[in-house]
Amino acid sequence: MDRQTTLAFVLIGFILVIWLYYNSPQPTENQPKQTSELVEKEKSDVKENKIVKNSENSVKVETDSLTIKQNKERIITIESDLLRIELSTYGGNIHKYFLKDYNTWYFDDLPENTPWYKKYVQLINFDRGNELDLSFITKKGKLVETSKLEFQLANKSNYYRINGNDSLTLVFTFQFDDTRSLQKIFKFYGDSYRSKFDIKFNKMSDYINGENYDITWNNGINFVELDATQEATYATGNAYTGGELFTTEIPSVGEKKQKTINGNIEWVGVKNKYFGFILDPIKDYNNGGAFFESKKSVNKYGEKVYNKISFKVPIKNLDNHTDSFYFFGGPLQYDMLIDYEKNYESMVDFGSFFGIKLLIRPISEYFLLPLFTFLHSFIPNYGIVIIIFSLLIKILLHPLTDKSFKSMKKMQLLQPEITAIKQKFANDQQRIQKETMALYSKYGVNPAGGCLPMLFQMPILFALFAFFKVVVELRQQPFFGWINNLSEPDVIVKLPFSIPFLGIDQISGLAVLLGVTMFLQQKMTMKDPSQKALVYIMPIMFTFMFMSFSSGLNLYYLMFNIFSIIQQYWVNKTGIQKLEPVDPKTKKKGLMQKMMEAAEQSQKVRAAQIAKSKKK
């Protein structure tokens with residue numbers, strides 16, 4: 001390859017490196033095994049499909065003593081096919097929220113006598129408080145937060161099991177006095193991640209002041225992955241409004257970022273890398289709004305981001321008033337979310353190219369994900385799915401890569417003549433450029449023909465990069481051997497130190513193999529002795545870059561490189577072996593040639609102007 005082509009490849013590589021660095025997870029120390037303080041399962045009889053009626057048995061307390069809790073906290077456990085949820089009578093709030101199809105990252109290391117449900121992912125930061133709180137201002141100017149109130153529940157059982165199409169309704173009631181009351185009504189379904197949540201006010205018009213009350217989610221989502229710092233980059237608050245998804249910005253450590261949105265909001269939510277909660281009002285609130293607050297802290301486990309959301313609900317007549325919501329809590333699985341037909345799927349973060357999502361997201365939504373899902377429908381092992389997936393992507397990009405490889409082959413064949421030109425006109429750079437372009441024109445070679453097809457591939461490659469980082473289907477999925485989790489790096493060696501400037505303290509087997517394939521590719525294409533260093537620099541740089549990436553992503557790029565090497569070998573062996581001059585009558589001027597001719601003409605005009613000025 002000549003200098004211009006090499007510079008073009010280096011520029012593409014530089015853009016890719018900057019983008020990878022911009023999107024790569026920050027290396028962090030391994031987190032110690034985390035344990036959670038979980039309440040023991042209540043010893044009570046299982047009741048199937050129990051429907052609980054509204055309760056009139058509630059504790060009467062004085063207005064000035066609302067926060068006095070007179071009884072021990074009750075934890076009511078609801079277990080469905082998908083969930084295990086714990087509700088508390090303190091606040092009538094969600095205490096814990098387990099996903100039964102998703103395990104914690106440390107479940108293999110739990111003691112044998114650990115309660116079976118502790119292996120599940122649990123999404124509530126219960127040590128910071130329960131969730132789904134209500135708050136409002138009374139006529140006397142008193143702030144009431146339901147998290148500080150003791151609600152009553154009529155049923156006596158503390159455990160319920162629902163299956164399939166069964167449903168369960170629980171009514172938590174707080175009685176302000178003989179006539180005024182507030183009820184939080186939950187309805188759960190046996191086969192769904194989405195529940196129904198109602199708020200009912202009785203005779204409260206002369207008690208609540210102002211034009212709205214708030215439903216608040218205080219502490220984001222519990223961090224459930226090994227690398228908390230990487231997970232924090234996906235921890236956001238969200239609101240869907242005006243046909244677009246609003247996403248909070250990730251703050252710096254110790255920083256607090258706030259945002260208020262007014263008007264009609266279709267729904268609000270919080271998320272981390274793979275899971276999320278959504279509060280979706282069944283009717284529109286044109287005078288509603290939402291307040292967001294994000295803050296980041298750091299501890300021995302890494303960085304953590306906590307997102308608070310307050311959803312503003314307008315109020316009018318509260319004598320007998322009910323507000324109804326859908327409440328989703330579960331995995332951010334695109335196909336499942338889109339079935340709700342409420343734009344929940346917009347919470348799946350398919351990445352961006354330097355902040356531009358419009359270019360990347362459609363590729364993932366309408367091509368990569370459907371293809372990936374189709375392959376898994378008959379191939380159970382996701383590692384094999386990724387291999388077949390990479391082969392299909394390689395076939396799709398074949399016209400571009402084939403043109404690129406053939407162009408590079410032509411450049412290799414021209415290399416001896418280009419070297420001879422450089423030696424012959426060593427002291428005349430302008431003449432070297434002129435003779436080189438004449439050589440390209442003679443044989444119909446486009447010096448940019450090798451890099452332009454690569455440039456056209458970049459949106460797909462960037463989409464793939466983000467795609468493999470966020471699809472929940474890959475979480476904790478094994479392949480074979482040491483690759484036991486396609487969503488995490490495949491660590492084969494843990495270093496006793498961190499490499500200076502790089503922050504790398506582990507060796508990924510697939511990243512090393514990926515570097516080897518990149519070296520072989522560079523060796524097959526780089527024939528100019530003056531660019532020999534690039535054969536080693538690029539593979540080494542990318543090997544270190546990919547050490548912290550997921551094994552699923554590295555497996556894809558490894559297989560893509562192997563297929564590229566096979567394609568390059570085939571082109572080298574069966575393709576053009578000798579260049580023939582192009583008939584001047586049939587050839588057309590390419591863009592590069594036109595640019596060079598324009599530059600040459602400009603130089604001639606400039607030289608004439610200089611000569612004319614000297615005569616004067």
Side-chain angles (χ1 to χ4, degrees), residues 17 20-35 102-110 119 121 223-234 272-274 298-304 381-387 389-390 464-519 538-562:
V17 168
L20 288 173
Y21 178 79
Y22 178 78
N23 288 275
S24 64
Q26 297 298 318
T28 58
E29 296 181 0
N30 278 353
Q31 302 175 21
K33 302 292 185 291
Q34 301 175 8
T35 58
Y102 298 89
N103 294 327
T104 63
W105 60 268
Y106 54 88
F107 77 96
D108 280 336
D109 299 321
L110 291 173
K119 71 176 184 178
V121 161
F223 283 72
V224 296
E225 305 302 330
L226 174 61
D227 190 343
T229 298
Q230 186 202 23
E231 189 178 9
T233 62
Y234 294 90
N272 58 17
K273 187 175 183 180
Y274 295 120
V298 61
N299 58 23
K300 61 182 179 180
Y301 302 119
E303 295 180 354
K304 294 188 176 183
N381 188 301
Y382 272 105
I384 298 177
V385 168
I386 291 174
I387 293 174
F389 186 82
S390 62
L464 283 164
F465 177 86
F467 177 80
F468 282 113
K469 292 205 300 183
V470 300
V471 286
V472 69
E473 289 84 350
L474 288 182
R475 185 180 183 272
Q476 296 185 349
Q477 289 294 323
F479 179 30
F480 81 98
W482 77 95
I483 308 173
N484 54 22
N485 186 351
L486 289 168
S487 67
E488 296 288 343
D490 59 308
V491 180
I492 57 174
V493 176
K494 179 66 179 177
L495 301 177
F497 57 88
S498 180
I499 300 177
F501 305 109
L502 299 176
I504 295 173
D505 60 357
Q506 61 189 25
I507 302 299
S508 162
L510 288 175
V512 173
L513 294 175
L514 180 63
V516 172
T517 59
M518 291 191 69
F519 171 77
M538 294 294 286
I540 293 175
M541 181 172 60
F542 275 87
T543 297
F544 284 117
M545 184 77 71
F546 279 75
M547 284 292 181
S548 58
F549 292 159
S550 69
S551 54
L553 177 66
N554 286 354
L555 176 62
Y556 167 81
Y557 277 112
L558 171 64
M559 297 310 303
F560 191 87
N561 281 355
I562 290 175

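Side chains are part of it too, since the values below use all heavy atoms of this structure and drop only hydrogens, waters and symmetry mates.
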Between CD on residue Gln506 and CD1 on residue Ile499, distance to nearest 0.5 Å: 10.5 Å
Point-to-point distance, once rounded to the nearest 0.5 Å, from CD1 of Ile483 to OG of Ser508: 8.5 Å
Heavy-atom pair of closest approach, residues Tyr274 and Ser487: OH-CB, 3.3 Å
Criterion ring pair (Phe, Tyr, Trp, His ring centres under 6.0 Å) against Phe468, the qualifying member of Tyr557, Phe560, Tyr556: Tyr556
Spatial distance of atom CD1 (Ile562) from atom CG (Leu514) [nearest 0.5 Å]: 9.5 Å
Nearest heavy atoms of Gly515 and Pro539, plus distance in Å: O-CB, 3.5 Å
Mutual orientation of the aromatic rings belonging to Phe389 and Phe467 [parallel < 30°, tilted 30-60°, perpendicular > 60°]: parallel
Any side-chain heavy-atom pair of Arg475 and Val121 under 4.5 Å: yes
Atom pair CG/CD1 of Leu555 and Ile387 - distance to nearest 0.5 Å: 5.0 Å
Any donor-acceptor pair under 3.5 Å from Ser551 side chain to Asn485 backbone: yes
Asn561 (side chain) donor-acceptor with Thr517 (main chain) under 3.5 angstrom: no
Closest non-hydrogen atom pair, Phe479 against Ile384: CE1-N, 3.7 Å
Glu231 side chain vs Val224 backbone, donor-acceptor pair below 3.5 Å: yes
Flag, side chain of Thr543 to backbone of Val512, donor-acceptor distance under 3.5 Å: no
Lys273 backbone acceptor or donor facing Glu225 side chain under 3.5 Å: no
Asn554 side-chain N/O to Phe546 backbone N/O, donor-acceptor pair under 3.5 Å: yes
Gap between atom CD1 of Ile507 and atom NZ of Lys494 - 0.5 Å precision: 10.0 Å
Given Tyr106, Tyr102, Phe107, the one that forms side-chain contact (heavy atoms from CB on, under 4.5 Å) with Lys119: Phe107
Approximate separation, where rounding is to 0.5 Å, of Glu488 CD and Trp105 CH2: 10.0 Å
Within the 6.0 Å centroid threshold, strictly below: Phe465 and Phe549: yes
Over 12 foreign heavy atoms within 6.0 Å of CZ, Phe544: no
Considering all heavy atoms, the nearest Met559-Ser390 contact: CB-OG, 3.3 Å
